[in-house]
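All values derive from a computational prediction rather than experimental measurement. Counting starts at 1 for both ligands and their atoms, in listed order. If you read the sequence from its start, that first residue is 1, and numbering goes on from there. Excluded from the calculations below are hydrogen atoms, water molecules and symmetry mates; all remaining heavy atoms, backbone and side chain alike, are included.
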Amino acid sequence: MTLGRVNPQFRLEDQGISGLGDVYYNLIEPALVEAALKRDEGTLGKGGAFLVTTGKFTGRSPKDKHVVKTESVADKIWWENNATMSPEGFDALHQDMLAHMQGRDYFVQDLVGGADPKHAINVRMVTELAWHGLFIRHMLRRPDRDALDSFIADFTVINCPSFSADPAKHNCRSETVIAMNFDKKMILIGGTEYAGENKKSVFTLLNYLLPEKGIMPMHCSANHATGNPVDTAVFFGLSGTGKTTLSADPGRTLIGDDEHGWSDNGTFNFEGGCYAKTINLSSEAEPEIYATTEKFGTVIENMIFDQDTKELDFDDDSLTANMRCAYPLHYISNASAKATGGHPKNIIMLTCDAFGVLPPIARLTPAQAMYHFLSGFTSKVAGTERGVTEPEPTFSTCFGAPFMPRRPEVYGNLLREKIATHGATCWLVNTGWTGGAYGTGSRMPIKATRALLTAALEGSLAGVEYRKDPNFGFDVPVAVTGVADILLDPRRTWDNPASYDRQAAKLVKMFAENFEQYLPYIDEDVKAAAIG
Ligand SMILES: Nc1ncnc2c1ncn2[C@@H]1O[C@H](COP(=O)(O)OP(=O)(O)O)[C@@H](O)[C@H]1O
Ligand SMILES: C=C(OP(=O)(O)O)C(=O)O
Ligand SMILES: [Mn+2]
């Protein structure tokens with residue numbers, strides 16, 4: 001049976017998918033919540049939030065993500081960073097997944113990736129779980145109801161958590177699989193319930209498609225000055241560095257929290273919703289995000305709650321440290337209705353330095369910005385990827401290596417060109433450890449980070465005194481109103497300055513060793529900005 005609203009010329013049968021049970025097309029949020037409750041997929045929380053657990057997989061499985069090596073993409077993909085799958089393996093996977101889907105009910109959401117209609121793609125998400133339908137309906141952009149009648153998908157994603165892949169037959173690594181086929185315009189996901197795979201696979205797709213149109217795809221959040229989209233800031237950062245937290249700024253308008261493009265027209269969100277970490281979320285430090293956890297349909301993943309009162313326990317990470325909530329952009333009161341902004345005036349590169357070495361803010365020259373963008377130094381925080389249980393220093397190029405199908409220079413050169421054309425000011429902001437490394441020191445207070453960002457974005461850091469950092473060569477402000485001076489000089493926050501110096505030397509060496517791989521691809525000025 002077919003239920004809901006769909007283009008009568010573009011049902012699943014028209015895509016060669018038949019023999020399913022009931023197919024629910026484009027249900028709106030209340031209907032998805034009803035369906036998910038009926039199917040016992042979760043339970044209602046305060047304000048009608050929808051609470052789910054995802055079993056064994058509570059974070060992404062980057063090693064199980066494959067790109068199908070077809071002729072047309074063979075010389076475009078960065079294979080050192082993307083696991084392959086043979087076209088034959090994919091076809092077998094596709095067939096077996098369709099066979100597995102027989103007789104089961106499915107939920108179809110016809111959505112859009114990209115707030116700039118000129119560069120948007122239509123994505124059809126076919127999900128076994130009703131709540132995955134709800135999740136992705138929040139996360140991507142919802143077309144007008146009338147537009148559904150003529151919707152044709154550019155890409156189709158099928159997500160089937162109850163399906164187990166067979167490495168021998170499907171040319172994959174384990175029972176869990178995320179397989180991207182750019183030729184067949186299809187992504188198949190199996191063997192994991194973690195909702196983040198849905199949005200990050202669409203992100204990877206856009207990261208592949210957009211550079212050829214001269215658009216820079218960015219793993220970043222974005223906001224603009226209230227009433228003034230020309231004053232746009234983007235915040236690059238790997239998971240857990242603070243993109244979502246810091247872009248939800250009561251003093252600015254939120255464009256988006258995770259994935260954006262930079263075209264000749266400025267900045268545009270790929271998405272229509274946010275996916276925030278809820279561990280230790282407090283109503284004082286992050287009131288806007290906190291409030292979404294009590295709104296209708298917000299999807300809350302892997303949180304412990306009181307069965308009687310439905311009170312969420314934000315400190316209980318017994319299921320995972322990667323507890324999450326997903327909500328539409330408009331659940332944040334000062335979000336942009338258009339989800340677009342101007343050319344970034346400020347570019348913030350967020351790093352979560354578990355060594356406690358980097359200063360809380362530094363101003364970068366364009367060459368230094370390129371150096372840090374290609375380096376992508378940060379820590380993986382606990383939980384977002386399987387197997388990571390404490391902050392793990394890493395160099396994740398473009399601040400999002402797991403989502404980059406092309407070589408880093410492709411993104412680096414695009415960014416470099418756009419920074420030069422539009423004259424953006426670049427900053428490195430450490431939201432990680434201060435007063436010592438992870439284990440000794442403490443995480444940078446959110447209040448301090450916010451005060452520094454406000455100063456940078458409002459322009460008041462333009463006139464202050466700077467020191468040149470002896471290890472990294474960038475400029476660090478000496479004093480900023482609202483922030484203790486000592487915080488600005490990490491060496492002074494350590495009990496033993498000699499230990500700091502040793503740790504800094506170790507980090508400089510790591511940077512230098514990691515950067516060697518980029519030397520053949522970069523210009524002299526970036527080489528000159530290299531450290532160590
Ligand atoms: N100084 C800080 N700046 C930003 N976030 C911080 C800071 N200190 C602690 N945090 C916490 O770190 C996490 C950042 O996560 P999030 O904003 O979701 O990152 P991302 O969106 O980049 O994945 C949040 O749980 C936040 O409360
Ligand atoms: C959702 C994710 O990313 P982020 O924390 O950057 O939102 C993820 O990496 O699974
Ligand atoms: Mn985020």
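Counting heavy atoms from C-beta on, the side chains of T278 and L312 never come closer than 4.5 Å.
Here is the list of ligand 2 atoms found below 4.0 Å of a heavy atom in T384: 8 (C), 9 (O), 10 (O). Interface of Y194 with ligand 2, defined as ligand atoms under 4.0 Å from a residue heavy atom, comprises 1 (C), 8 (C), 10 (O). Applying the 4.0 Å criterion to heavy atoms of Y275 picks out, from ligand 2, the atoms 1 (C). The ligand atoms of ligand 2 that sit less than 4.0 angstrom from a heavy atom of H219 are 6 (O).
Listed by chain and residue number, the protein contacts of ligand 1 are L238, S239, G240, T241, G242, K243, T244, T245, L246, K277, I279, E286, T431, R443, M444, P445, I446, T449 (heavy atom within 4.0 angstrom).
Annotation for K345: atom NZ does not count as buried by contact number, only 12 or fewer foreign heavy atoms lying within 6.0 Å.
Among K199, K243, R324, K277, the residue whose heavy atom lies nearest to atom 7 (O) of ligand 2 is R324. Ranked by closest heavy atom to atom 10 (O) of ligand 2, the top entry among K380, R60, E259 is R60.
A salt bridge between D258 and K199 is present, with a side-chain N of the basic residue lying under 4.0 Å from a carboxylate O of the acidic one.
With a 6.0 Å cutoff to the six-membered ring centre and a 45° limit on the axis angle, K200 counts as a cation-pi contact of F403.
For atom 4 (P) of ligand 2, the closest heavy atom belonging to the protein is S239 OG, 3.6 Å.
Taking the six-membered ring for Trp, Y275 and F135 have ring centres closer than 6.0 Å. Aromatic pair F236/H219: ring centres not closer than 6.0 Å. The distance between the ring centers of F511 and F395 falls below 6.0 angstrom. For Y290 and F314, the ring centers are positioned less than 6.0 Å apart.
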Name the atoms and distances for all side-chain donor-acceptor pairs under 3.5 Å in residues 441-448, with sequence neighbours left out.
unit_1, atom_1, unit_2, atom_2, d
R443, NE, T431, O, 2.5
R443, NH2, G240, O, 3.1
R443, NH2, T431, OG1, 3.4

Start with the C-alpha gap between E197 and K65, add the side-chain angles, then the distance that decides, and say whether salt bridge (Lys or Arg N to Asp or Glu O under 4.0 Å) holds. CA-CA 9 Å; E197 300 287 9; K65 186 163 155 196; over 6 Å; no

Verdict with supporting geometry, F373 and Y371, ring pair (Phe, Tyr, Trp, His ring centres under 6.0 Å): CA-CA 6 Å; F373 179 73; Y371 178 80; over 10 Å; no

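Expressed to the nearest 0.5 Å, how far CG of L129 lies from CG of L134 amounts to 11.5 Å.
For D258, a nitrogen or oxygen atom sits less than 3.5 Å from a nitrogen or oxygen atom of ligand 2, counting backbone and side chain alike.
Y331 pairs by the ring-ring contact (aromatic ring centres under 6.0 Å, His included) definition with nothing, not counting sequence neighbours.
Note on the Mn ion (ligand 3): protein N, O or S atoms under 2.8 Å away count 1, no waters included.
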